[in-house]
Structures are given as structure tokens and as C-alpha cells.
Amino acid sequence: MPGLDDLYREIILDHYRSPRNRGELETPPAAKAEGFNPLCGDEIVVYVATETNNDGDEVVSDIAIGGQGCSISQASASMMSAAVKGKTLTEVANLTSSLKSMMSIEVEGTDAAVDSDVSLGDLQALSGVVKFPVRIKCATLAWNTLAEAVTPTD
Amino acid sequence: MTVVAGLDVATIKADFPILNQDRAGSDGKPSRLIYLDSASSSQKPRQVIDAMSSYYENSNANVNRGAYSLAVEATDLLEGARQRIASFIGAPSSNEIIFTKNATEAMNLVARSWGGTNLGPDDAVLITEMEHHANIVPWQILAAEKGFAIRWIPLTEDGQLDLTDLDRLLDGVSLVGVSAMSNVLGTLNPVRRIADAAHAAGAIVLVDAAQLVPHVPTNVVDLGADLLAFTGHKLLGPTGVGVLWGRAELLDSMPPFLGGGDMILDVRKDGFTTNSLPHKFEAGTPPIAEIVGLGAAVDYLSNLGMDAVRAHEVSLTAYAMRTLREVVGEDLVIHGPAEPAARGGVLSMKVGAAHPHDVSQVLDQHGIAVRAGHHCAKPLMRVLGVNATTRASLYIYNDEADVDQLAEALVEARDFFTL
Ligand SMILES: Cc1ncc(COP(=O)(O)O)c(C=O)c1O
């Protein structure tokens, strides 16, 4: 059985203890989505504001995280909020695919070449989660919720 | 040391193969399972496992159909189990024991069959804030069709039912659904008192006894129940079998739930005639080996004596509440009644700032199995103001040493996740 240190890396505990970008954004202009983990009752709220940059791409201009959850879901959400700020939605989608493939989740429509180009940075610390399969859902909850928030509803 | 009032736990433990195996621990060292999740599903003694394999090896045939001796033998095994299960819960007749898939199916049967014929827009069903989803959602599904109201008995601060307004709540109610023992708080509810009030108001009473029957001597008549549901796998028995008990006249008045083989006396092109109890509610081939296994489980508990089982759990629960508070300290909250005699051995905890998921992960590293989550009682979680709890639940094979190890591991989890 893998040890606790594989799961709870120092960076993860740091983000859990001092979560970044906690709070709310006004909706609209920001978009909001709620995610639930039906297994454990955790819930997460992602607020995300976007604007169009000079190249005509949509960029994450601000993000805030609400809700409650375990250390893995909270740390993953916090790291995500730090990682996606200032990124285009395409970059965010690629980052999400890289993270999911690190979690051994098959992602449709991505090619491996794109994934290996994306640097996960601190998010690499979540790699230990894959050894604890029941916790993968905790790690991906924020990312799925963000994807829902930035997907146009109409 | 392992003899806690009433039971010889060391001897009992020896009967459970899964508790006597070395499992790989986090440090690579083999360790024994410390199983503290019996409220979710109990472990099974050798006697139950053997009864099931013996059935398959020596007596397997379909029941109620064949005229050959093997089929008769299988039928006798099944009906023998039905009789022993009936006497285990004080049922006046074994015809009142209906085998279902689990407690959930038993309560859905009641909602569909009784509720489907007796509930309309002007009616109301009264349940409690501590019900399991299995005694909530079937009523919500039916209410969406029939338009009746669902009312809720609220809770007091220490997790008991607040019966102050019971008479007002009962006004116009046709069925009361109440859990006899909460799977989250351990609360033992005053079913008899509620049943008497319900009957005076003209309502019938469905008791969710999924947690009661495995742990507390149960007599359906003394409880004042009209219908009562429980599940085999929490009772040392296998998964795949549950029981609905009902008063014979009431069951007789209810239409069948599922249609098919065994539940009919005759089928013509223009209709069918239902079979008598219990077959009327047992369509199709039943889970025969599972029923035989549940019969063996009931024998096992009868041999121990349910009074001794209850005495063991009260004393171990008292020990656990005391020890956990002492060892873990101020930042441990145990939800539910403070008095061990008023509750079962279900300890839903808040461990400092640590999230239940993280707590159970740390405990798992020590081979300790507990449940983290909402325990299929989300309305109750909302009342408690939490998303999840860490739940340790005790049974006949647990002893003080298990509790001591739990306490130590909880301290480690708390310290690891202290903000
Ligand atoms: C109080 C209570 N009712 C009903 C159930 C449902 O049991 P089953 O899942 O076996 O149908 C459970 C167990 O989860 C329970 O604890």
C-alpha cells in the first residue's frame, strides 16, 4: 500500500491550509458552476471571469473558489485557481487534459503531443493521487466544475 | 480483556475469516483488519459462508416448483430460514416474512404497493429528519405522481426526535415512516410511542429497522409496527437479501409489487389470481443461497443471545465515547445522544479541522476501516450543518483494543491536518 507522503505532498498541504483565491465573484459578469462529489457530499463552487485579449482569445481574468471539501479537492482547486489565471481557455483546456491524463483518465479528442508540452508546475504534486483511486474524483472535481463554468450554456 | 459484558469477543473474532488474515499495511508489514464499518455492512462468520456453500454443494435446486427430492430439500431450507427469521423478530407468522433484495427494496415495495393505492393529493406521509435516503426518496418519487405531502419530524440538539408537536404533525397523516435506530447518530427512537400516537390518529407505521435488528432484541409486535424493513448484509448475512415484515391483514390488503412467476395462483389471457402470502410479494426465483445464509446468520446471533449482543454494544460504546474523548480531546465531536444506553454503537465524528475523507485515509494506513461521507442521509447532514462525518460503527467482533487503535490513529489524523 502506498504511504501517506505519496498523497499528501507538502505543496498540497500548503494549498489546503492556505487556499488561494477563496471567495466569490459577482455573477454576471462572472460565470459560476457548482460541482458535487456524490460519494462524500463535497461541493465546490467555481466563479470565473473572462475577457478577450488583443489576439481575440478569451482569457481567464479572475477566478474564485467556494464550497467545502477534503484536502485533495481543496488543494487541487486552489492550485487550479493559481494556474489558470491569465491563461486562454484553450490553454486551460490543455492543462485540464494533462492533469487528467496524469490521473490516468482517458481524455477524448486530445493528442498526446499537446499534453507533454504543457507544464503542470506545482500541479505535478497531485501525481501521487493516482495511487489512491478513490481520491481521483476529489482531485478532478474543481477542474470539471471549471470546465462547466466556461462552457457556453446556449 | 476481550470479554466485554456479555460476549467473548476473542472466540467470536475467530469465527470471522476476514478478521484473521494478514493484509498488506502501508509500511509493507502485514496487519490485521480493524473493521469499524458494520453499520454499512457487517462481516460474515464462517457459519454463514459454510451454510451458503453447503447449499450450493449439496442442495441446489429451484424452490416451490420441482417435485423431485432435491427441489423439496431446497424449498425446506428456504422455508426453515423464513421460520427462524420470523421468530428472531417476534413475527406472529412466518407468512408475514417477505424476502426482498434489501431494505431499500422492502421500503420501495411499501411505497409502490401500499402508497400507490392509499395515497392521494389530500394525504400526507410523516417521516423524520434522520431517515436514510431509502425511506425518503421512494416517498418523494411517489409524491411527485400522487401529489401527497411529506412532513418531517424535527430533531433536538442532541440528535433525538423532537416529538413536542407530534400530534399536530400527525393530523391527516396516513403513514409514518421512522427509523428505529439512526445509521448516522445511533439514536434509538421511541418507535412504540410514535406508533401508538400514529394509530390513534388513524395512520399506519413503517419501521426502518436496518440498524435495529442486527444490534437490539427486536419484537415487531412490541414495537407496534405495521410494516418493518431490514437488510441481510448488516446482520452477518450475505448481500442480496432483505426482509419486509408486515401484519398479515395489511399485507393481504395490498396489491402485488412485482409480477411474474411464484406470485400467482393462476394466469389467464384476461388476468391473473394472486398467490397467498408470502409468495404474493415474491415474484421470480428468490435469492435462495442468500436466504439460507441469512438463516444461518440469525442462528449465529440467536446462539449469542441478542440481549448479550446489546449489552456488549452498550458497554463498548460507553468505553469508546469515553476513550475517544480522553485521547483525542476537545476537538472531537461525537454527534448524537450522549448517553450510551440511548443509542447504538454508531459514532459519527468530527475530528478537529480534518475532513472525513482525509481522516479515513489516515486510518486506512493503519488497517482501520471506517466510513467517511454523508451516509445516505443528506437531509440529516444539512440539519447537522456538515457535508460529511467520519463514522466508526461497532459490532460483536469489536473490542476495546480496536477502540484504542482507533483513538491513536484519530490523533495522528487530527495532527496531520491541523491548520
Ligand atoms: C437505516 C438504514 N436504512 C436503510 C438502509 C438500506 O439498506 P440496503 O442498502 O441494504 O437496502 C441502510 C443501510 O445503508 C440503513 O442504515
Side-chain angles (χ1 to χ4, degrees), chain A residues 1-20 22 34-46 65-79 103 125-142 144-145, chain B residues 22-33 37 40 132-133 137 184 348 350-391 409 412-419:
Chain A
M1 190 192 276
L4 282 183
D5 298 344
D6 282 324
L7 184 61
Y8 299 119
R9 306 266 168 83
E10 205 39 58
I11 294 179
I12 293 182
L13 291 173
D14 173 58
H15 275 268
Y16 173 56
R17 292 183 181 128
S18 345
R20 325 290 198 261
R22 282 290 296 184
E34 288 174 76
F36 294 93
N37 185 341
L39 274 182
C40 58
D42 283 357
E43 51 194 55
I44 201 155
V45 192
V46 174
I65 307 287
Q68 297 179 37
C70 68
S71 60
I72 300 299
S73 76
Q74 293 293 291
S76 181
S78 169
M79 290 195 266
M103 300 282 150
L126 286 168
S127 63
V129 174
V130 77
K131 295 183 197 156
F132 297 84
V134 289
R135 306 303 293 275
I136 291 176
K137 275 209 162 67
C138 311
T140 53
L141 181 63
N144 290 331
T145 310
Chain B
D22 286 331
R23 299 165 55 84
S26 58
D27 43 10
K29 275 189 290 183
S31 69
R32 291 286 155 99
L33 172 66
D37 195 22
S40 210
H132 187 280
H133 294 164
V137 183
V184 178
S348 267
K350 181 176 175 302
V351 187
H355 188 279
H357 236 163
D358 293 316
V359 174
S360 75
Q361 192 85 60
V362 174
L363 267 46
D364 189 39
Q365 300 290 314
H366 295 280
I368 303 174
V370 299
R371 171 94 180 264
H374 54 62
H375 318 297
C376 300
K378 287 199 85 170
L380 172 57
M381 292 287 123
R382 293 200 167 92
V383 170
L384 296 176
V386 296
N387 275 16
T389 70
T390 304
R391 181 185 72 182
E412 184 188 328
R414 192 258 330 261
D415 293 347
F416 198 87
F417 291 101
T418 297
L419 294 176

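Chain A is the first sequence line, chain B the second, and so forth, proteins listed ahead of strands; every chain is numbered from 1.
Interface remark: A:Gln74 contributes no atoms to any contact with chain B (heavy atom separation under 4.5 Å). Using a 4.5 Å cut-off between heavy atoms, B:Val362 contacts chain A through both its backbone and its side chain.
Residues B:His357 and A:Cys138 share a closest heavy-atom pair of CE1-SG, 3.5 Å. Of all non-hydrogen atoms in A:Tyr16 and B:His355, the two that sit nearest each other are OH-N, 4.1 Å.
Chain B forms the most heavy-atom pairs under 4.5 Å with one residue out of A:Gln68, A:Arg135, A:Glu43, and that residue is A:Arg135.
Residues A:Asp6 and A:Phe132 form a side-chain contact, since some pair of their non-hydrogen atoms from C-beta on lies under 4.5 Å apart. With contacts defined as side-chain heavy-atom distances shorter than 4.5 Å, the pair B:Glu412/B:His366 qualifies.
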